[in-house]
There are 2 protein chains.
Amino acid sequence: MTHIGLLLFPQLTVLDLIGPYEVLCRLPDTRVDLIWHTTAPVVTEHGLPLMPTLRCDDVAKLDVLCVPGGYGVTPLLTDAPTIDFIRRVGEQASYVTSVCTGALLLGAAGLLQGRRAATHWTSMDMLDAFGAIATDERVVHDGQLITGGGVTAGIDFALYLAAQLHGQDVAEAIQLGIEYNPAPPFDAGHPSRARTELVTQIRQRVSEAQARRLAQIQRAIGLPGTPLA
Amino acid sequence: MTHIGLLLFPQLTVLDLIGPYEVLCRLPDTRVDLIWHTTAPVVTEHGLPLMPTLRCDDVAKLDVLCVPGGYGVTPLLTDAPTIDFIRRVGEQASYVTSVCTGALLLGAAGLLQGRRAATHWTSMDMLDAFGAIATDERVVHDGQLITGGGVTAGIDFALYLAAQLHGQDVAEAIQLGIEYNPAPPFDAGHPSRARTELVTQIRQRVSEAQARRLAQIQRAIGLPGTPLA
């Protein structure tokens, strides 16, 4: 039985979590848990509450740890119980993984040092602060670390992980089951393809949140006990 | 304010719902509700409970009705309160939409008569029973009806709908925000592309469930009050 744990935290981007959840729940002999410090409902970015199925303190070990992203990443960068949990479980897991800005939490736990990693395109330059090698690819695999790009990259990431765990046949059967033969109606899903004014517009919209995030990263790096201190 | 309602029912495929939810929640001046008969938690296909935000009886009118799919579709095909809700709201909505096998519920409500529609590839031949013109495309737009193919097609569908509601610029900004620049690690997302043995394997795996679904569709068509009776 493979035990996969997805971190479920307040203000996460729900598709970061549910893309991989839908794929990984279809794996044979696999248990998928949503993990948080308490079992009370956790309110995600657009207001949808989700229920944790397991408490951090009740997790001795996981085969796969997956950390999704979202605006809720920022306050957690200096949240010792969360960072300690990610470090403790991540150091023993067969695969330590993230989607989107979840990579920053792996970084704050010291798990990205010298490793190639992906994150949401607006946060690529923040990976450097954690000693990671920011890599602009949809899914990046470096040792036991597998990281996906922004939000929807979680589906590509999870199919890749499925193949690592159970072979390509199983991953392809899941891909066919979820009819993942994408056909975006527009070609604007990456800053290299979208119109410049849209890229600028989004960078401006998130600039204040990103400034807060960078300040938090500086604090996280300065904390005693974190590997970058 | 555009009011979008996603039907939230037991045993739905959670990514059918959350793909569009993530996209549509990012639209300006838009309220997105998860709608069911009660406000108690609804348990989805892999066990994740979700909370409805609005009761069917409290919905007078919606701008957009969206019905996701999943194994939970089958019992609802003859569930009068649900079919009546879909028909009542669907007849007045600006857009009546579905993802995956949610199209079958639109069919049972009589909303697909003579219309082109998409659904999950394993269920394409079931659309005929409702007088629909089964169309093997990722997103199908016919009048006020917009239907998506299986599971992950919900993301393509929702971006298309976003452009219909708020223009292509807004849709592209959302696409860039969720970094929807898909790169599936394998090319097995459609029966025309997957290896034949995988297609056969999945058809066999779902054959019993599909037989139950077909029997239900025959019952639904035979019910007094449904347009195909």
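Below, read A as the first sequence line, B as the second, and so on, with proteins coming before strands; counting in each chain starts at 1. Note that these values count all heavy atoms, side chains included, but never hydrogens, waters or copies made by symmetry. This structure is a prediction, so every number in the text was calculated from the model and none was measured.
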Given the options [options], which has more heavy-atom pairs under 4.5 Å with chain A than any of the others?
options	value
Ala183(B), Ala194(B), Gly47(B), Pro191(B)	Ala183(B)
Glu197(B), Gln168(B), Gln201(B), Arg205(B)	Gln168(B)
Trp121(B), Phe157(B), Tyr160(B)	Trp121(B)

With chain B as the partner, which of Asp156(A), Thr53(A), Ile174(A) has the greatest number of non-hydrogen pairs under 4.5 Å?
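Ranked by heavy-atom pairs under 4.5 Å with chain B, first place is Asp156(A).
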Heavy-atom pairs under 4.5 Å with chain B are the metric here; pick the option from Pro185(A), Gly149(A), Pro184(A) that has the most.
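Winner by heavy-atom pair count: Pro184(A).
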Minimum heavy-atom distance between Pro49(B) and Met51(A), given as atom pair plus value:
CG-CG, 4.0 Å
For chain A, which residues from residues 25-44 of chain B lie under 4.5 Å away (heavy-atom distances)?
Cys25(B), Arg26(B), Leu34(B)
Nearest 0.5 Å please: distance from the [atom1] atom of [X] over to the [atom2] atom of [Y].
X	Y	atom1	atom2	value
Ile202(A)	Leu176(B)	CD1	CG	4.0 Å
Ile18(A)	Thr13(B)	CD1	OG1	12.0 Å
Gln175(B)	Asp187(A)	CD	CG	7.0 Å

Main chain of Gly177(A), side chain of His120(B): is a donor-acceptor contact present, judged purely on distance under 3.5 Å?
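Looks like yes, one N/O pair under 3.5 Å.
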Heavy-atom side-chain contact between Glu22(B) and Thr152(A) under 4.5 Å
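Sidechains of Thr152(A) and Glu22(B): no contact.
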Got Arg195(B) and Asp169(A) here, is their nearest side-chain heavy-atom distance under 4.5 Å?
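Side chain of Arg195(B) against side chain of Asp169(A), heavy atoms only: contact under 4.5 Å found.
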Contact part of [X] toward chain B, heavy-atom cut-off under 4.5 Å: side chain, backbone, both or neither?
X	result
Glu172(A)	both
Leu48(A)	both
Leu15(A)	both
Glu45(A)	side chain
Ala173(A)	both

Can you say whether Val139(B) sits under 4.5 Å from chain A via the side chain, the backbone, both, or neither, judging by heavy atoms?
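Neither part; nothing is under 4.5 Å.
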